[in-house]
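What follows is a single structure, written as structure tokens, with notes after it.
The chains referred to below are lettered A, B, ... by the order of the sequence lines, with proteins before strands, and numbering in each begins at 1. As the structure is a computational prediction, the values presented were derived from the model and not from experiment. Computation of the quantities below employed the complete heavy-atom set of this structure, encompassing side-chain atoms and omitting hydrogens, waters and symmetry-equivalent molecules.
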Amino acid sequence: ETGVTQTPRHLVMGMTNKKSLKCEQHLGHNAMYWYKQSAKKPLELMFVYNFKEQTENNSVPSRFSPECPNSSHLFLHLHTLQPEDSALYLCASSTSEGNWAEKLFFGSGTQLSVL
Amino acid sequence: GQSLEQPSEVTAVEGAIVQINCTYQTSGFYGLSWYQQHDGGAPTFLSYNALDGLEETGRFSSFLSRSDSYGYLLLQELQMKDSASYFCALARNDYKLSFGAGTTVTVRA
């Protein structure tokens with residue numbers, strides 16, 4: 001248990017569907033992240049939120065839409081995805097004091113398959 | 001930009017020592033981190049080197065040399081449960097983490 005919970009664990013969707021991924025952290029952190037993990041590739045940073053404000057959008061296509069209603073919750077809304085978007089989507093959180101990136105706490109991810 | 005290189009796979013027997021090297025190119029960073037990820041699990045933090053030298057945490061040690069743009073993770077007294085993927089990551093000056101592609105360690109009996 002890392003203190004970061006993601007749901008669902010697995011998701012299969014068609015290219016015309018709309019779905020949302022949910023992340024919740026119980027660590028009192030103020031920074032939250034979405035990463036994409038594809039096989040044999042480095043984790044790709046997608047979005048960063050600090051105190052509910054988006055501070056990073058790493059050139060992510062608009063078919064991915066993040067939402068951060070408070071410091072404990074993070075969503076990733078998905079619509080009209082492509083098969084190449086199939087991957088493991090990881091949520092993480094960290095303190096936003098000092099060096100934020102020194103230690104991230106990750107959830108177990110949502111394994112997404114786009115048909 | 002930043003890039004990190006690490007071997008894709010390493011295999012060793014129980015009780016052995018494994019060293020996973022990580023070389024990087026970056027314009028500036030605060031430190032080098034290491035994460036472990038078991039199949040189907042969350043990446044979990046192992047260690048962080050802000051300064052050059054060796055950091056020891058139980059059976060795992062991590063090393064950083066800024067002058068050589070190089071670091072490594074040392075796994076000692078390997079156990080079956082150490083079979084996992086290991087990622088090096090740069091803590092960038094903009095407070096973001098950039099990851100390597102990961103090294104899959106397989107421990108055999």
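Using a 4.5 Å cut-off between heavy atoms, B/Ser98 does not touch chain A at all. For A/Leu45, the part sitting under 4.5 Å from any heavy atom of chain B is the side chain, from C-beta outward, and nothing else. For a residue to count as touching a neighbouring chain, one of its non-hydrogen atoms must lie under 4.5 Å from one of that chain's; by this rule A/Leu88 touches chain B with the side chain only. In this structure, the portion of B/Ser33 lying under 4.5 Å from any heavy atom of chain A is its side chain and not its backbone. For chain A, no part of B/Gln6 is nearby; none of its heavy atoms comes within less than 4.5 Å.
The choice from A/Arg9, A/Glu102, A/Glu44 that makes the most heavy-atom pairs within less than 4.5 Å of chain B is A/Glu102.
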request  = Apply side chain to side chain contact (heavy atoms under 4.5 Å, CB included) to A/Leu104 and B/Phe45, showing your working.
outcome  = CA-CA 7 Å; A/Leu104 264 58; B/Phe45 173 85; over 6 Å; no

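Counting non-hydrogen atoms of other residues, nucleotides and ligands closer than 6.0 Å to NZ of B/Lys96 gives a total above 12. Other residues, nucleotides and ligands place no more than 12 heavy atoms under 6.0 Å from the CG atom of B/Asp39. Atom CD of B/Glu77 is surrounded by 12 or fewer heavy atoms from other residues, nucleotides or ligands within 6.0 Å. Taking a 6.0 Å sphere around CD of A/Gln54, one finds it holds more than 12 heavy atoms contributed by other residues, nucleotides or ligands. Atom CZ of B/Arg108 has 12 or fewer heavy atoms from other residues, nucleotides or ligands within 6.0 Å.
Summarising the geometry, atom CG belonging to B/Leu97 is positioned 12.5 Å from atom NZ belonging to A/Lys103; distances are rounded to the nearest 0.5 Å. To the nearest 0.5 Å, the span separating OG on A/Ser108 from NE2 on B/His38 amounts to 12.5 Å.
Side-chain contact between A/Pro42 and B/Leu4 is absent, with no heavy-atom pair separated by less than 4.5 Å. For the pair B/Phe87 and A/Gln37, the minimum side-chain heavy-atom distance is below 4.5 Å.
In this structure, the ring of B/Tyr35 has its center less than 6.0 angstrom from the ring center of A/Phe106.
Hydrophobic clustering, with ILVMFWY side chains joined whenever heavy atoms are under 4.5 angstrom apart, keeps A/Leu115 apart from A/Tyr89. Under the 4.5 Å side-chain heavy-atom criterion for ILVMFWY residues, no single connected hydrophobic cluster contains both A/Val48 and A/Phe75. Criterion: ILVMFWY side-chain heavy atoms under 4.5 Å apart, direct or through other members. Under it, B/Met80 and B/Val10 are part of a common hydrophobic cluster.
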